[in-house]
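Because the structure is predicted, anything quoted here is derived from the model rather than measured.
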Amino acid sequence: MKRYIYDDLKAWKDAANRKPLILLGARQVGKTYVLKQFGEEEFANMVYVNCHNNPFAESLFVDFDIERILYQISVHYEQRIVPGETLLFFDEIQEVKNGIPALKYFCEDMRSLHVVVAGSLLGITLREDESYPVGKVDNLRMYPMTFDEFLVANGRERLAESLRALDERTLSAHHATLVELLRQYYFVGGMPEAVTTWLSTHDPAETRKVQRAILSTYNGDFGKHTKTEAERIRMVWKSLPAQLAKENKKFVFGVVKKSARAAEFEKAIQWLVDAGLVYRVCRISKPEEPLQFYADSMCYKVFMMDVGLLACMCGARSASMLLGDSVFSEFKGAFTENFVMTQIKSLERYDSMDDNIYYYSKDSSPLEVDFVIQSRDRVIPVEVKAEQNVRSKSLASFVNQEFAGYGLKGLRCSMLPFVEQDWMKNIPLYATEAYFSQVGLGAGD
């Protein structure tokens with residue numbers, strides 16, 4: 001399946017100041033698949049070293065003599081390693097001691113060799129007994145498949161091209177088709193194995209089976225902690241559907257456990273964030289650049305990384321999601337806001353990027369804006385609507401009253417087609433990724 005991160009990999013390959021590349025991401029988002037495809041299609045040969053349960057890999061990094069390491073790999077795999085022609089790929093790099101620190105020496109002693117590594121996001125970045133090679137590696141972040149990639153996987157590449165171009169005339173003519181595919185995406189999500197199963201079978205039960213297996217794998221990861229901490233992680237994880245179904249989606253510890261305190265569960269939330277399984281969005285006090293200056297790290301919303309896994313977790317019936325429009329009108333907009341979050345988040349592929357996604361609310365009033373985005377040129381307040389019957393009271397108040405002197409223009413993502421007004425633009429939900437891809441994330445120069 002086509003993944004747009006492939007273009008980023010090609011750009012890395014051709015960069016003059018290239019360093020060893022770490023591809024970060026949650027488990028089962030497709031890191032191994034895309035790197036193998038990249039190696040096979042872009043290089044004369046690829047040497048693939050799977051470090052999981054591999055005694056040979058465990059013996060490689062007894063020291064950081066890169067010439068010795070490359071010689072042993074070449075002999076073991078019976079392949080020549082030629083700088084400029086070979087891709088050396090270490091998979092599950094976090095499984096072997098000193099594998100991550102060794103990247104510093106590949107950078108310093110063998111810069112001309114293309115070296116990539118992949119592994120669990122948590123295992124690579126938080127290995128306590130080893131130093132991370134800061135400044136000696138390039139980083140890319142990989143996420144589940146976006147709706148755009150889902151379109152391409154469904155054989156609708158021309159439609160995806162129109163979406164990326166925000167061709168309003170073509171998209172309006174195919175609105176019903178896009179809504180139908182969006183409905184499927186809410187059910188299937190973007191985990192590659194779930195997408196592959198859906199496309200080959202169109203069987204909701206088989207797709208759910210894959211999603212449950214993925215969730216079971218994550219649950220197994222929780223168990224690698226102490227009994228107490230593992231239980232807290234599971235409690236936070238299981239509370240997510242209820243958190244997202246609330247009208248006010250601010251994370252409430254009482255939903256996790258009656259009378260729960262933040263101190264009990266903050267570590268569990270941080271683990272889920274570090275593992276890439278959830279995204280945390282902090283509240284800001286005002287929409288002024290840079291947004292980070294006005295963020296409240298103690299008040300936040302939490303979203304799941306994949307809307308299909310969310311649907312599976314909350315037990316949403318396949319018929320209610322795949323037939324009719326109830327998936328857009330029911331569930332209190334939980335799926336829709338989570339969908340918008342994942343589509344915008346997917347654009348933050350470079351680890352050096354600051355957080356660009358926030359939200360706004362006031363304790364003293366019901367005013368809440370679902371997201372406040374730092375784009376390349378401006379701050380964009382975003383309201384998410386799951387239905388066609390929309391009223392943007394909070395967004396209008398935010399733009400025209402609360403912060404009237406800030407020159408803001410709002411964005412509403414809804415089931416309506418494109419509409420332009422003086423103070424607000426409406427885009428269809430399915431155009432979320434395309435829109436923010438064009439306006440860009442992060443402050444401009």
Side-chain angles (χ1 to χ4, degrees), residues 24-29 92 94-95 119-130 132 141-144 189 191 211-284 292 295-315 332 334-335 337-338 341-342 345 348 351 355 357-359 361 371:
L24 299 162
R27 293 184 63 178
Q28 301 196 45
V29 297
E92 300 292 350
Q94 78 282 352
E95 298 284 339
S120 76
L121 181 62
L122 191 71
I124 286 181
T125 56
L126 295 182
R127 185 155 179 157
E128 295 180 354
D129 58 336
E130 296 178 359
Y132 190 81
R141 187 72 66 95
M142 190 170 184
Y143 300 92
M191 301 304 285
Q211 292 168 332
R212 284 194 292 269
I214 294 171
L215 291 172
S216 179
T217 298
Y218 294 154
N219 189 61
D221 290 340
F222 304 159
K224 296 176 182 178
H225 295 263
T226 64
K227 183 177 180 181
T228 299
E229 196 57 41
E231 183 58 28
R232 287 174 177 168
I233 293 171
R234 289 192 179 101
M235 291 172 70
V236 171
W237 181 247
K238 290 178 180 179
S239 79
L240 292 180
Q243 301 278 1
L244 288 165
K246 295 188 286 86
E247 193 68 34
N248 179 346
K249 294 179 175 58
K250 173 188 172 183
F251 190 88
V252 176
F253 289 94
V255 175
V256 180
K257 177 186 174 184
K258 189 175 181 180
S259 302
R261 295 172 300 167
E264 288 183 83
F265 292 96
E266 279 289 357
K267 189 175 179 180
I269 294 173
Q270 188 62 51
W271 188 93
L272 290 166
V273 171
D274 290 335
L277 301 182
V278 305
Y279 306 136
R280 177 164 45 196
V281 177
C282 293
R283 182 171 69 175
I284 56 168
Q292 280 188 318
D296 179 0
S297 62
M298 301 305 294
C299 186
Y300 50 82
K301 302 191 285 189
V302 174
F303 296 91
M304 281 191 66
M305 69 162 180
D306 182 69
V307 70
L309 294 182
L310 172 62
C312 182
M313 271 185 70
C314 70
K332 300 180 181 179
F335 294 132
E337 194 168 333
N338 205 100
M341 175 63 195
T342 60
K345 186 70 177 178
E348 292 187 336
D351 240 33
D355 289 334
I357 308 172
Y358 300 88
Y359 81 102
S361 70
F371 298 108

Contact summary for C314 and F335, nearest pair of heavy atoms: SG-CZ, 3.7 Å
From M305 atom CE to L272 atom CG, the distance as rounded to the nearest 0.5 Å: 10.5 Å
M235 and E231, any side-chain heavy atoms less than 4.5 Å apart: yes
Spatial distance of atom OG1 (T217) from atom CD (Q28) [nearest 0.5 Å]: 4.5 Å
Between CG on residue L309 and CZ on residue R212, distance to nearest 0.5 Å: 12.0 Å
Rounded distance [0.5 Å steps], CD1 in I233 versus NZ in K267: 8.5 Å
Side-chain donor-acceptor contacts of residues 275-282 below 3.5 Å, not counting sequence neighbours, with atom names and distances?
residue: R280; atom: NH2; partner: Q270; partner atom: OE1; Å: 2.5

Worked verdict on C312 versus L215 for side chain to side chain contact (heavy atoms under 4.5 Å, CB included): CA-CA 9 Å; C312 182; L215 291 172; 3.9 Å; yes
Reference residue I269; test side chain to side chain contact (heavy atoms under 4.5 Å, CB included); the match among V256, D274, V236: V236
From E337 atom CD to K301 atom NZ, the distance as rounded to the nearest 0.5 Å: 4.0 Å
Side chain to side chain contact (heavy atoms under 4.5 Å, CB included) against A262, all qualifying residues, sequence neighbours excluded: F253, E266
Considering all heavy atoms, the nearest V255-A242 contact: CG1-CB, 3.8 Å
Pair N219-F222, side chain to side chain contact (heavy atoms under 4.5 Å, CB included): steps then yes or no: CA-CA 5 Å; N219 189 61; F222 304 159; 3.7 Å; yes
Under 3.5 Å donor-acceptor, Q243 side chain and K249 backbone: no
Residues R232, W271; criterion side chain to side chain contact (heavy atoms under 4.5 Å, CB included); working and verdict: CA-CA 10 Å; R232 287 174 177 168; W271 188 93; over 6 Å; no
Min side-chain heavy-atom separation L240-V302 under 4.5 Å: yes
Sidechain-backbone polar pair: Y359 side chain, K250 backbone, donor-acceptor under 3.5 Å: no
Q211 vs M191, side chain to side chain contact (heavy atoms under 4.5 Å, CB included): CA-CA, chis, key distance, verdict: CA-CA 8 Å; Q211 292 168 332; M191 301 304 285; over 6 Å; no
Stepwise ring-ring contact (aromatic ring centres under 6.0 Å, His included) test for F251 and F265: CA-CA 11 Å; F251 190 88; F265 292 96; 8.6 Å; no
Residue pairs involving residues 254-263 (criterion side-chain hydrogen bond (donor to acceptor under 3.5 Å, both in side chains); sequence neighbours excluded): none
Ring geometry between W237 and Y218 (parallel below 30°, tilted from 30 to 60°, perpendicular above 60°): perpendicular
Exam field: side chain D355 to backbone I357, donor-acceptor pair closer than 3.5 Å: no
